[in-house]
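Before I ask anything, let me first share the structure, which is written out below as structure tokens.
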Amino acid sequence: MKFRIFDKHSKSYVDPNNVSIDGNGNVRIHFSSGFVHIDNDSSQYIVEMSTGLTALDGFEIYEGDILHFYSKTENFAVVYNKKFARFELR
């Protein structure tokens with residue numbers, strides 16, 4: 001699985017070279033002064049999972065992305081449905 005992490009304070013994505021997952025499945029961001037664990041209730045970071053799909057322009061599609069279909073007049077958000085373990089458009 002691939003993930004990306006959005007930092008709400010800096011309004012940018014964390015460098016993937018500074019991210020790891022420990023043996024307990026905890027996501028960690030590494031800094032020169034140490035590291036921080038990311039949990040599901042993080043107020044600063046949003047962890048987004050890759051769908052494994054790519055858009056026509058070659059960019060990988062992640063949870064939270066907004067997609068526009070040329071045949072539709074509205075945009076759709078990519079969300080993960082935990083109950084059915086699948087990605088959906090809403």
Side-chain angles (χ1 to χ4, degrees):
M1 287 188 177
K2 287 178 66 176
F3 296 90
R4 68 181 181 189
I5 299 174
F6 185 75
D7 182 337
K8 291 190 263 185
H9 291 266
S10 69
K11 296 185 176 159
S12 63
Y13 286 97
V14 174
D15 182 344
N17 295 319
N18 295 336
V19 177
S20 68
I21 299 176
D22 68 17
N24 296 321
N26 298 310
V27 178
R28 300 192 304 188
I29 300 175
H30 300 268
F31 299 98
S32 58
S33 59
F35 63 87
V36 63
H37 282 272
I38 307 300
D39 59 23
N40 291 337
D41 299 323
S42 175
S43 61
Q44 182 173 349
Y45 300 102
I46 300 171
V47 178
E48 302 169 337
M49 184 173 23
S50 170
T51 64
L53 303 172
T54 55
L56 291 175
D57 57 10
F59 285 97
E60 193 163 1
I61 300 171
Y62 283 83
E63 175 183 13
D65 285 353
I66 304 298
L67 303 180
H68 175 77
F69 294 93
Y70 292 105
S71 61
K72 305 281 184 185
T73 58
E74 57 191 313
N75 294 329
F76 297 90
V78 178
V79 296
Y80 185 73
N81 183 322
K82 290 180 183 179
K83 180 178 178 181
F84 296 107
R86 67 182 182 197
F87 289 99
E88 299 176 343
L89 299 177
R90 294 206 179 140

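From a predicted model like this one, the values you see are computed outputs, not experimental measurements. Sequential numbering from 1 along the given sequence is applied to the chain's residues.
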For this session: Determine, stepwise, if the pair Arg86 / Tyr80 fulfils side-chain contact (heavy atoms from CB on, under 4.5 Å).
Result: CA-CA 6 Å; Arg86 67 182 182 197; Tyr80 185 73; 5.6 Å; no
For this session: Of all the heavy-atom pairs spanning Glu88 and Asn81, show the shortest one and how long it is.
Result: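 Distance-wise, the nearest heavy atoms are OE2-ND2, 3.0 Å.
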For this session: State yes or no: do Phe87 and Leu53 share one hydrophobic cluster built from I, L, V, M, F, W and Y residues joined by side-chain heavy-atom distances below 4.5 Å, directly or via other members?
Result: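 The answer is yes; both residues are in one hydrophobic cluster.
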Exercise. Is there a donor-acceptor pair closer than 3.5 Å between any side-chain N or O of Glu63 and the backbone N or O of Met49?
Worked result: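 Checking the backbone N and O of Met49 against the side chain of Glu63, a donor-acceptor pair under 3.5 Å is found.
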For this session: Is it possible for you to say whether Val79 and Tyr62 belong to one hydrophobic cluster, with membership spreading through side-chain heavy-atom contacts below 4.5 Å?
Result: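 No: no chain of side-chain contacts under 4.5 Å links Val79 to Tyr62.
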Exercise. Between His68 and Asn75, does any side-chain donor sit less than 3.5 Å from a side-chain acceptor?
Worked result: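 A pair is found: one side chain offers a donor N or O, the other an acceptor, under 3.5 Å apart.
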Exercise. So, does Lys8 use its side chain to make a donor-acceptor pair with the main chain of Ser43 at under 3.5 Å?
Worked result: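 A pair under 3.5 Å: yes.
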For this session: For Phe31, look at atom CZ and say whether over 12 heavy atoms of other residues, nucleotides or ligands are found less than 6.0 Å away.
Result: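 Enclosed: over 12 neighbouring heavy atoms sit under 6.0 Å from CZ of Phe31.
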Exercise. Are any of the side-chain heavy atoms of Ile5 and Ile46 separated by less than 4.5 Å?
Worked result: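 Not touching, per the 4.5 Å side-chain cut-off.
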Exercise. Do we see a donor-acceptor contact under 3.5 Å between the side chains of Arg4 and Tyr13?
Worked result: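 The criterion, which ignores hydrogens and geometry beyond distance, is satisfied for Tyr13 and Arg4.
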Exercise. What's the shortest heavy-atom distance between Leu89 and Leu67, and which atoms?
Worked result: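 The pair with the smallest heavy-atom distance is CD2-CD1, 3.8 Å.
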Exercise. Transitively linked via ILVMFWY side-chain contacts under 4.5 Å: Ile29 with Ile21?
Worked result: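 Both belong to a single hydrophobic cluster.
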Problem set entry | Nearest non-hydrogen partners of Ser20 and His30, listed with the distance |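 In terms of heavy atoms, the two residues are closest at OG-NE2, 2.7 Å.
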For this session: Check step by step if side-chain contact (heavy atoms from CB on, under 4.5 Å) holds for Val19 and Phe3.
Result: CA-CA 9 Å; Val19 177; Phe3 296 90; over 6 Å; no
Problem set entry | Val14 reachable from Phe6 in the ILVMFWY side-chain graph, under 4.5 Å edges |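 Shared cluster, no.
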For this session: Report yes or no: does Asp22 contribute a side-chain atom to a donor-acceptor pair with the main-chain N or O of Asn24 at less than 3.5 Å?
Result: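 Flag set: sc Asp22 to bb Asn24 pair under 3.5 Å.
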